[in-house]
Engineer: 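Before anything else, here's the structure in question.
Values below: all heavy atoms of this structure, side chains included; hydrogens, waters and symmetry mates excluded. As the structure is a prediction and not an experimental result, all values here were calculated from the model. Chain naming here is simple, since letters A, B, ... match the order of the sequence lines and numbering starts at 1 in each.
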Number of protein chains: 2
Amino acid sequence: MTPDSEDPRWLTAEQRLAWLDMVRVLTRLPATLDAQLERDAGLSFFEYHVLSMLSEVPSHTLRLSRLAQLTSSSLSRLSNVVKRLEGRGLLRREPDPDDGRASRAVLTAAGTDAVERAAPGHVTAVRELVVDPLDPAQLSQLHAAHERILGRLDPASSSRPEWLET
Amino acid sequence: MTPDSEDPRWLTAEQRLAWLDMVRVLTRLPATLDAQLERDAGLSFFEYHVLSMLSEVPSHTLRLSRLAQLTSSSLSRLSNVVKRLEGRGLLRREPDPDDGRASRAVLTAAGTDAVERAAPGHVTAVRELVVDPLDPAQLSQLHAAHERILGRLDPASSSRPEWLET
DNA sequence: AGCGAATAGTTCAAGCGTCAAGTAAATTGG
DNA sequence: CCAATTTACTTGACGCTTGAACTATTCGCT
């Protein structure tokens, strides 16, 4: 791949304003959700997300590599977080019987409790900050835009999540 | 432990999918932009943003507190980053003549160079990932959604950024 | 089979961000 | 006009993320 020869197609004024507002959302929204969860439940947004993904799967069990995909995280980051969460008793690791290389994370009872205690406040925050200020049409437009963006961010896996056995 | 459904107003299936896709964008987009800038220009996205804000102001000078607002960062984080950028010669700090407590960041020639070298690749990435996959109507809908979200994130300053001074 | 490559995960050092505390200057209020 | 408060920033300790190894297993090819 050539280092794309200058394509100075600058942004139009409108595009630039749209982008700058997106950057604001991109930085403030995660920070706000993090603060809420940390304050009310002692979890970072990422930790919550990990536990939440586990809780949504019937077996409460996922391989780390899948958990990494689901949370858009590196295996390294996930490995560290899983170790800490295990230390706190919110989940445990066990070897995958089908693949000697793999590990599974299993939500414990304490972990289930923690997500269930954290969820209402988190959902309230998501509603307040994102869902409620938009009418249904706007939310679905936002969703469509995100799907298109994700198509560019990850051309590989944008070919649909066949999994997610809710 | 759900005290009979209604209190936390759970998300509908559609809202939940929209939110999960937003979370993916929220985590992957900054990571991707960071990687591109770091690889091609040796700057983090945040560093680029700081330099870029300075370069857009005629005097190439801003008070740190204003720079913090413009980049949605804490003063503490900004202070650290400014110190590092100063060490690399991309900007310098000087006391504000009008207020003994304040400091100003001033872009140096090397800093101007750095932004100008980094900008084309960054803009290309932003176009590829966000602007191009959306048609103009979608982009403006996205912008509208972000404005509403920002209204909730920061009720105070959502009253127009009247900047471009100093 | 068997060997090289890919996959799954862990770990460690380095760097960055955050929060709490600290300094210094300006503003407010009595 | 002085004390209390607020504003503007800086610093230091601590925790988290990253990226580069490194180990252990499984896959893919011939």
Engineer: So, does A/E128 use its side chain to make a donor-acceptor pair with the main chain of B/R152 at under 3.5 Å?
Structural biologist: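 Not at all, since once roles are kept as given, no pair shorter than 3.5 Å links the two residues.
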Engineer: Taking all heavy atoms of A/S52 and all of A/V115, pick out the closest pair and write down the distance.
Structural biologist: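 Closest heavy-atom pair between A/S52 and A/V115: CA-CG1, 4.0 Å.
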Engineer: Would you say CD of B/E38 has more than 12 non-hydrogen atoms from neighbouring residues, nucleotides or ligands within 6.0 angstrom?
Structural biologist: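 Yes, the 6.0 Å shell around CD holds more than 12 heavy atoms from other groups.
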Engineer: To the nearest angstrom, how far is A/R88 atom CZ from D/dG15 atom C1'?
Structural biologist: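 It is 13 Å, rounded to the nearest whole Å.
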Engineer: Rounded to the nearest Å, what distance is computed from the CZ atom of residue B/R63 to the P atom of nucleotide C/dA26?
Structural biologist: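 So the two atoms are 11 Å apart, to the nearest Å.
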Engineer: For DNA chain D, whose closest nucleotide is more 5', that of B/R93 or that of A/N80?
Structural biologist: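 Taking each residue's closest nucleotide, the earlier one in sequence belongs to B/R93.
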Engineer: Which nucleotide sits closest to the side chain of A/S79: D/dC9, C/dA26, C/dT10?
Structural biologist: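 Of the options given, the side chain of A/S79 lies nearest C/dT10.
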Engineer: Take the protein atom CG of B/D98 and the nucleotide atom P of C/dT27, then report the distance between them rounded to whole Å.
Structural biologist: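 Rounding to the nearest Å, CG of B/D98 and P of C/dT27 are 11 Å apart.
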Engineer: Starting at the 5' end of DNA chain C, which residue's closest nucleotide do you reach first, B/G100 or B/R84?
Structural biologist: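 The residue closer to the strand's 5' end, by nearest nucleotide, is B/R84.
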Engineer: Quick one: B/L78 CG to C/dT18 P, roughly how many Å, whole number?
Structural biologist: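 Atom-to-atom, B/L78 to C/dT18, this comes out as 12 Å.
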Engineer: Nearest-nucleotide wise, let me know which of B/V81 and A/S65 is further upstream toward the 5' end of DNA chain C.
Structural biologist: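 It is A/S65 whose nearest nucleotide is closer to the 5' end.
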Engineer: Per the atom types in the model, does the base of D/dT18 pair as donor or acceptor with the side chain of A/R77 at under 3.5 Å?
Structural biologist: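 Not at all, since no donor on one side and acceptor on the other fall under 3.5 Å apart.
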Engineer: Nearest whole Å is fine: how far is C/dG9 P from A/K83 NZ?
Structural biologist: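 Roughly 15 Å, once rounded to whole Å.
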Engineer: Does any donor atom in the side chain of B/R104 or B/T61 lie under 3.5 Å from an acceptor atom in the other side chain?
Structural biologist: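 B/T61 and B/R104 do not have a side-chain donor-acceptor pair below 3.5 Å.
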Engineer: Apply side-chain contact (heavy atoms from CB on, under 4.5 Å) to B/F45 and B/Q36, showing your working.
Structural biologist: CA-CA 9 Å; B/F45 180 48; B/Q36 183 274 318; over 6 Å; no
Engineer: Atom CG of B/L85 to atom P of D/dT10: distance rounded to whole Å?
Structural biologist: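 Checked: the CG to P distance equals 13 Å.
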Engineer: Any donor-acceptor pair, under 3.5 Å, between the side chain of A/S76 and the base of D/dG19, if you only look at N and O atoms?
Structural biologist: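 For A/S76, whose side chain was compared with the base of D/dG19, there is a donor-acceptor pair (under 3.5 Å).
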Engineer: Could you please name the option among C/dA25, D/dC9, C/dA8 that lies closest to any side-chain atom of B/S103?
Structural biologist: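 Selected nucleotide: D/dC9.
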Engineer: A/L75 CG to D/dG19 P: how many Å, rounded?
Structural biologist: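 In whole Å, D/dG19 P and A/L75 CG are 14 Å from each other.
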Engineer: How close or far is atom P of C/dA8 from atom CG of A/L62, stated in whole angstroms?
Structural biologist: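 So the two atoms are 14 Å apart, to the nearest Å.
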